[in-house]
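Input: a single structure, listed below in structure tokens.
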There are 2 protein chains.
Amino acid sequence: MESSERLLREHGIKVTPQRLSIVSELSGRVHMSIDDLYQSIKKSFPSISLATVYKNINAMMDMNFIQEVKIPNQKSRFELNKEPHSHLFCQKCGKVEDIELELNTITTQAAQKSGYKIDEQSLIFSGICPKCAKN
Amino acid sequence: MESSERLLREHGIKVTPQRLSIVSELSGRVHMSIDDLYQSIKKSFPSISLATVYKNINAMMDMNFIQEVKIPNQKSRFELNKEPHSHLFCQKCGKVEDIELELNTITTQAAQKSGYKIDEQSLIFSGICPKCAKN
DNA sequence: TTAAATGCAAAAAATTTGCAGACGT
DNA sequence: ACGTCTGCAAATTTTTTGCATTTAA
């Protein structure tokens, strides 16, 4: 709330309740799809329209305020733009988490082997989370 | 042609000209989107329908014969199912290439740090390919 | 011969757009 | 007060489905 508002102001866009809801949802550690977001926000804010969610997600992507996370065989999820990091996807419960890993070594290898000038990497691990593994 | 036919037979599905075209397109080193495929196949096979491309792509995904490659900010591409490998995406020309890298070390790190039981990883580098870098 | 595949057209799902009214600054 | 944002409905785009016909085995 506080910080969501500040984030929006820093990016120079109007602070509306709809946007505050979106940012607040995306601030959690769970990464959500467009429809997750819409369904979730509707509970506390029934009048929000799906078009508004789309418009804001697109606008926020354009201004590099949020990012899309594409997971194999899954709908895209969205997250606030943070320091570069990798992702873990649990095939059992569907959760997506962040993980920080040092990718310099592997990126250097890839650059040397391919001749590419690499400036971004997307690394997603799929498996079973500890909680699901127990059951 | 030869080998496309063999691949289809090995997977126990009927060998049709439409399927041969799809497999043959996907055999190249360039990874294509659904629409790339459709447009490209239509040139040599004008009667193919988009629905057929979708049906076959879906069926081939289900039988694990091909795989979807999701690239940030891009349409999905498809490739024949090969040994695990990573991808390079050129932000200039849009090309997607395979690259083989040893991911054991980083995967072990991720598993230890997170407690996940990891069985798959998707690693995509974005940057500029050597050819585009020259221009 | 027969089950499966194709192509078409229609249906459904996902995303975008235009615009009048509401709202933030 | 002004320009932006919202919500609605309609338009587009993407993907799926049903079905009559064709085709591979």
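Every chain is numbered from 1, with letters handed out A, B, ... down the list of sequences.
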May I ask you to evaluate whether [X] reaches the phosphate of [N], defined as a side-chain N or O under 4.0 Å from OP1 or OP2?
{"X": "Ser49(B)", "N": "dC8(C)", "answer": "no"}
{"X": "Gln18(A)", "N": "dG7(D)", "answer": "yes"}
{"X": "Thr16(A)", "N": "dT6(D)", "answer": "yes"}

Can you tell me how far [atom2] of [N] sits from [atom1] of [X], to the nearest Å?
{"X": "Lys75(B)", "N": "dA14(C)", "atom1": "NZ", "atom2": "P", "result": "17 Å"}
{"X": "Leu8(A)", "N": "dT25(C)", "atom1": "CG", "atom2": "P", "result": "9 Å"}
{"X": "Ile48(B)", "N": "dG7(C)", "atom1": "CD1", "atom2": "C1'", "result": "10 Å"}

Tell me which nucleotide among [options] gets nearest to the side chain of [X].
{"X": "Lys55(B)", "options": "dT17(D), dG24(C), dG7(D)", "result": "dT17(D)"}
{"X": "Tyr54(B)", "options": "dT16(D), dG7(D), dC19(D)", "result": "dT16(D)"}
{"X": "Ile13(A)", "options": "dC8(C), dC5(D), dT6(D)", "result": "dC5(D)"}
{"X": "Lys14(A)", "options": "dA24(D), dC8(D), dG3(D)", "result": "dG3(D)"}
{"X": "Arg9(A)", "options": "dG7(C), dT6(D), dT25(C)", "result": "dT25(C)"}

Please name the pair of heavy atoms, one in Gln91(B) and one in Glu120(A), separated by the smallest distance, quoted to 0.1 Å.
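That closest heavy-atom pairing would be NE2-OE2, 4.0 Å.
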
